[in-house]
Amino acid sequence: ARVFCICWQSLPRKNHKNYFHAKGSNLVRKLSLKYDEILSKYDYVVMPTLPKCADELPTETADLGDRLDRSWGMITNTCNFNLTGHPAISIPCGVNIAGLPVGLMIVARKYSEAEIYKLSYAFEKNFDWEKYVANSKKFVVNFFFLKSALL
């Protein structure tokens, strides 16, 4: 996050034209095609909503870098789908040692919002997430694929 902020501060002073916007747009297109490819083989991508359990809030005296590190580190799994347009939903699937909920994110093909609502409903109806406690501070981010046979 610190590198991003330093680079961002230097952008307005230089004439980059539309280079960074075009580069970003091309990368989003590639990312979207990759998820489309995965979702052509599987009905859903199921993954942790966040890459780790929630941290404590930074203190009032924490520097800007620490505050940004904590906030930017939490969006790594969710921001992809904000950019690609794939529908995604987060539902609770357990709690961490501090008793805070841990989220499970379900991602589907574009324009399949109704399908993730059905799967989320089935999961919440058949799974008592409040009794599952994560035993570590950090989660390993893995992708799990499942077929709609669960419905």
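These figures come from a predicted structure and were not determined experimentally.
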Without swapping roles, check the side chain of Asp66 against the backbone of Ala62 for a donor-acceptor pair under 3.5 Å. no

How about [X] and [Y]: do any of their side-chain heavy atoms sit closer than 4.5 Å?
X: Pro87; Y: Tyr111; value: no
X: Ile38; Y: Val45; value: yes
X: Trp129; Y: Pro101; value: yes
X: Val107; Y: Tyr35; value: no
X: Ile91; Y: Ile106; value: yes
X: Glu124; Y: Pro92; value: yes

Before giving the answer on side-chain contact (heavy atoms from CB on, under 4.5 Å), spell out for Glu115 and Tyr44 the whole-Å C-alpha distance, their side-chain angles and the decisive distance to 0.1 Å. CA-CA 9 Å; Glu115 297 304 315; Tyr44 307 100; 3.7 Å; yes

Indicate the atoms forming the closest heavy-atom contact of Asn77 with Pro48, along with that distance. ND2-O, 2.9 Å

Minimum heavy-atom separation for Cys93 and Gly103, please, with both atom names. SG-C, 4.1 Å

Check the pair Val102 / Val95 against side-chain contact (heavy atoms from CB on, under 4.5 Å), numbers first and verdict last. CA-CA 5 Å; Val102 174; Val95 293; 5.5 Å; no

Going by the rule side-chain contact (heavy atoms from CB on, under 4.5 Å), which residues pair with Ser32 if we only count those two or more places apart in sequence or in a different chain? Asp36, Thr84, His86, Lys110

Distance (rounded to the nearest 0.5 Å) between [X] [atom1] and [Y] [atom2]:
X: Ile116; Y: Lys118; atom1: CD1; atom2: NZ; value: 12.0 Å
X: Leu119; Y: Ser112; atom1: CG; atom2: OG; value: 12.0 Å
X: Asn126; Y: Tyr121; atom1: CG; atom2: OH; value: 9.0 Å
X: Leu33; Y: Ser40; atom1: CG; atom2: OG; value: 11.0 Å
X: Leu50; Y: Ile75; atom1: CG; atom2: CD1; value: 10.5 Å
X: Met105; Y: Ser120; atom1: CE; atom2: OG; value: 11.5 Å

Positive for side-chain hydrogen bond (donor to acceptor under 3.5 Å, both in side chains) with Asn26, one of Lys30, Arg29, Lys23: Arg29

May I have the step-by-step check of side-chain contact (heavy atoms from CB on, under 4.5 Å) for Leu104 and Val46, ending in yes or no? CA-CA 7 Å; Leu104 174 75; Val46 179; 3.2 Å; yes

